[in-house]
Amino acid sequence: MSDRPVRVRVAPSPTGDPHVGTAYQALFNYTFARSRAGKLILRIEDTDRARSTPESEAAILESLSWLGIEWDEGPDVGGPHAPYRQSERVVIYRQHARQLLDAGSAYRSFISKQALDQLRADQREQGWQGFFDAEGREMSREQSDRRADSGEPFVIRLKTPLDGDCVMKDLLRGEVSKEWAQIDDQILIKSDGYPTYHLANVVDDHLMGISHVIRGEEWISSLPKHLLLYEAFGWQPPVFCHLPLLRNPDKSKLSKRKNPVSIGYYQRAGYLPQALLNFLGLLGWSMPSGEEKFTIDEMIAEFRLEDVSLGGPVFDLRKLRWLNGRYIREDHDARSLRLALENWALNATRLESILPLAQPRMDALSDWGYLTAFFLADEEPFDPTDLKLKGKTADELAALLQTVIWRLEQQRDFTPEALQQTFRELSDSLEIKLRDLTLPLYVALTGKTASTPLFQSMAILGSDIVRMRIARAVDALGGLSSKKLRELEKQYEARFGTRG
RNA sequence: GACCCCAUCGUCCAGCCAGGUCAGGACACCAGCCUUUCAAGCUGGGAACACGGGUUCAAAUCCCGUUGGGGUCGCCA
């Protein structure tokens, strides 16, 4: 299988902000592909039709391009295996699911979602770790067809062995084995007719000729299901390589609650794409020479997949900042730095969007600097004692600001009008006067109690920086315990529906 | 909780696979130098093989156990 042409893929799910974890996976896939004269395929895994959005997909492509990751095939550039968006390949998955049904490797399950919980609990009680639908497994094909034809809702499940071991091979870990009894009969086709990740990724990886699946460690526990699918189809599986997961400073899986994770944030905060990519390359891998500053091409020249280390690396912002500083100091003269600055934010368009907000507050041209500096910053320092809301304790305000962050996470349209609308609704439903609600936000966002108009300023700052600054305000107020957070989340969902 | 993965300075890595130099580099931290200040730069410093058993003349390196961390246990990916 090592003779096969190298074809790897990065397969993000367009369900939110472009994530640095995606960039990390993309970098290693890209580097591996280039080092082996192979191809990188970008595939959009949008089979979760409730959460996938075109905006998110566009943002992901844009972020990866910004970083300098180049893919050879993808939804935007096409390729011999188009389409590269899973929502456009549903027919293919259904055909393959049918094939599995015919072969007896999968079965229809007619259990309702409610009954499912009970059944699962029962099986657990009997000491069964996986899950299977005995009725569905036994059901004759005729009966199964009849019930399906009559319009009864169903899912298609993979028929997993009830005993024995599954022996898997991981490029970095060697052989890993797991009891089949631990593995549930994975749903392949959901009741909405869309495939789950497990089916879609195996079918696509095969059809697209993927030679190596390089993905996050979180997938290792579902590898048996994937392997079983390859076997059921009679396909040769690719080489699997699970990369460690990026971590928060407390070692938990990198999450937006504890660390900025959106690529867009790093862009807006003034990090250079080369530096961010270089930094990501330092996590789990190093140059043989020990040099820590390197270009992607230099990395490609030295990269060997088997050299990746397995400890979950902490995403250390301080080191990223240092590296970024080296790029700024070592790779630029005044002219090219000016260009970088213009490219980043110091350009006519951005300035002309900011200026109308400052103009009414300017008596001299020199007022411009202090009035608008916060537009061009990452963090904006504020006086924590300014962070208050009439009749609310610090804890209550923290909770309130967290609610605002969640609400903003769902805000696709970040125009002043849309933001105003959102905040009016927020103020109504929280029964807080809009004036009062916005005051702490001025402090968090602009560093001052009085500044340029909030919603217009927010629109210019952009969602990533806005949410980060509010999150920092929450921290400044003492933060929220995880218990408190869970409570708050419940209240939030009761009030505004489920969050992303 | 069950299963799986992982384990070198606070953090990121090198060393491990082919046991044998004071365990090396970087970030951060501290000190000094340079300097009109602050950075940057330079020099130096403190800082780790999780623990316990084996195997061996010899273990960070190989094996087992313990502990710790992480992941998974969805009609999310």
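The figures that follow rest on heavy atoms only: side chains count, while hydrogens, waters and symmetry mates do not. Naming: A, B, ... by sequence-line order, numbering from 1 per chain.
- Each of A/Gly284 and A/Gly290 has a nearest nucleotide on RNA chain B; the 5'-most of these lies closest to A/Gly284.
- Among the atoms of the strands shown, only primed sugar atoms or phosphate atoms (P, OP1, OP2) are found under 4.0 Å from some heavy atom of A/Gly312.
- Relative to the side chain of A/Ser191, the nucleotides B/U72, B/C12, B/C75 differ in distance, and B/C75 lies closest.
- A/Lys113 comes within 4.0 angstrom of a base, heavy atoms only.
- Comparing the same atom, P, in B/G68 and in B/G54 gives a spacing of 23 Å after rounding to whole Å.
- For A/Glu330, the salt bridge (Lys or Arg N to Asp or Glu O under 4.0 Å) partners at least two apart in sequence or on another chain are A/Lys293, A/Arg326.
- The side chain of A/Lys253 contributes an N or O atom lying less than 4.0 Å from OP1 or OP2 of B/U72.
- Counting non-hydrogen atoms under 4.0 angstrom, A/Glu292 reaches a base of the nucleic acid.
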Check your understanding: Would A/Phe28 and A/Phe32 satisfy ring pair (Phe, Tyr, Trp, His ring centres under 6.0 Å), going step by step from the backbone distance to the final call?
Key -> CA-CA 6 Å; A/Phe28 280 80; A/Phe32 176 68; over 10 Å; no

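- Across the protein-nucleic acid pair, A/Arg49 atom CZ and B/C75 atom P stand 15 Å apart, rounded to whole Å.
- For B/G74, the OP1/OP2 oxygens have a side-chain nitrogen or oxygen of A/Arg120 closer than 4.0 Å.
- Annotation: B/A23 and B/A60 have their C1' atoms spaced 8 Å apart (nearest Å).
- Using atom P as the reference point in both B/U8 and B/C51, the two lie 11 Å apart (nearest Å).
- No side-chain N or O of A/Tyr197 forms a donor-acceptor pair with one of A/Glu45 less than 3.5 Å apart.
- With a 6.0 Å radius and a threshold of 12 heavy atoms from other residues, nucleotides or ligands, A/Arg321 has its CZ atom at or below the threshold.
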Point to revise | Dot-bracket notation for RNA chain B, counting Watson-Crick and G-U pairs under 3.5 Å, with | for partners on another strand | key: (((((((..((((......[...)))).(((((.......)))))....(((((..]....))))))))))))....

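- Rounded to an integer number of Å, the gap from CD of A/Glu218 to P of B/A77 is 13 Å.
- Among the protein residues, A/Leu188 comes within range of no part of the nucleic acid, since none of its heavy atoms lies under 4.0 Å from any strand.
- Nearer to the 5' terminus of RNA chain B, by closest-nucleotide assignment, is the contact made by A/Met168 (compared with the other of A/Met168 and A/Ser252).
- Summarising the geometry, the separation between CD1 on A/Ile183 and P on B/U72 is reported as 16 Å, rounded to the nearest angstrom.
- Checking the phosphate oxygens (OP1, OP2) of B/C76, a side-chain nitrogen or oxygen of A/Lys190 falls inside 4.0 Å.
- For the OP1/OP2 pair of B/C76 and a distance below 4.0 Å, the side-chain nitrogens and oxygens of A/Thr47 include no atom meeting the criterion.
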Practice item. Apply side chain to side chain contact (heavy atoms under 4.5 Å, CB included) to the pair A/Gln129 and A/Arg124, showing each step before the final yes or no. Key: CA-CA 6 Å; A/Gln129 280 300 316; A/Arg124 272 294 154 82; 4.1 Å; yes

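- Counting distance only, with no hydrogens placed and no angle test, the side-chain atoms of A/Ser286 and the base atoms of B/C13 include no donor-acceptor pair under 3.5 Å.
- Considering only the side chain of A/Val155, B/C75 comes nearest among B/A77, B/C75, B/C6.
- Here the P atom of nucleotide B/G74 and the OH atom of A/Tyr197 are 17 Å apart, to the nearest Å.
- Between A/Phe279 and A/Phe315, the ring planes are perpendicular. Angles over 60° get that label, and only those under 30° would be called parallel.
- Between the CZ atom of A/Arg215 and the P atom of B/A77 there is a distance of 13 Å, given to the nearest Å.
- Only the P atoms considered, B/G10 is 24 Å distant from B/U21, to the nearest whole Å.
- Among the protein residues, A/Ser177 comes within range of the sugar-phosphate backbone only, with heavy atoms under 4.0 Å from sugar or phosphate atoms but none that close to a base.
- Looking at the side chain of A/Lys251, the nearest of the listed nucleotides B/G70, B/C27, B/A77 is B/G70.
- For A/Arg412, the CZ atom sits in a packed shell: over 12 heavy atoms of surrounding residues, nucleotides or ligands are nearer than 6.0 Å.
- Minimum atom distance to the side chain of A/Val314 is reached by B/C12, of the listed B/C75, B/A77, B/C12.
- The same atom, P, is picked in B/U35 and in B/G20; the two are 47 Å apart, to the nearest Å.
- B/G19 and B/C4 have their P atoms separated by 29 Å, given to the nearest Å.
- At a cut-off of 3.5 angstrom, counting only N and O atoms as typed in the model, there is no donor on one side facing an acceptor on the other between the side-chain of A/Lys319 and the base of B/A28.
- Under a 3.5 Å cut-off, the side chain of A/Ser56 and the backbone N or O of A/Gly16 do form a donor-acceptor pair.
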Review point. How would nucleotides 31-50 of chain B be written as a contact map, 5' to 3', with B for base contact, S for sugar-phosphate-only contact and - for no contact, using protein heavy atoms under 4.0 Å?
Key: ---------SS---------

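- Rounded to whole Å, the C1' atom of B/C29 lies 12 Å from the corresponding atom of B/C9.
- For A/Lys293 and B/C27, the shortest distance from a side-chain N or O to OP1 or OP2 is not below 4.0 Å.
- Within 6.0 Å of atom CD in A/Glu135, 12 or fewer heavy atoms from other residues, nucleotides or ligands are found, so the atom counts as exposed in its surroundings.
- Here A/Arg321 lies out of heavy-atom contact (under 4.0 Å) with every strand.
- When atom types are taken as modelled, the side chain of A/Asp185 and the backbone of A/Thr160 share a donor-acceptor pair closer than 3.5 angstrom.
- What you find for A/Met299 and A/Met287 is that their closest heavy atoms are N-CE, 3.7 Å.
- B/G45 and B/C27 have their P atoms separated by 15 Å, given to the nearest Å.
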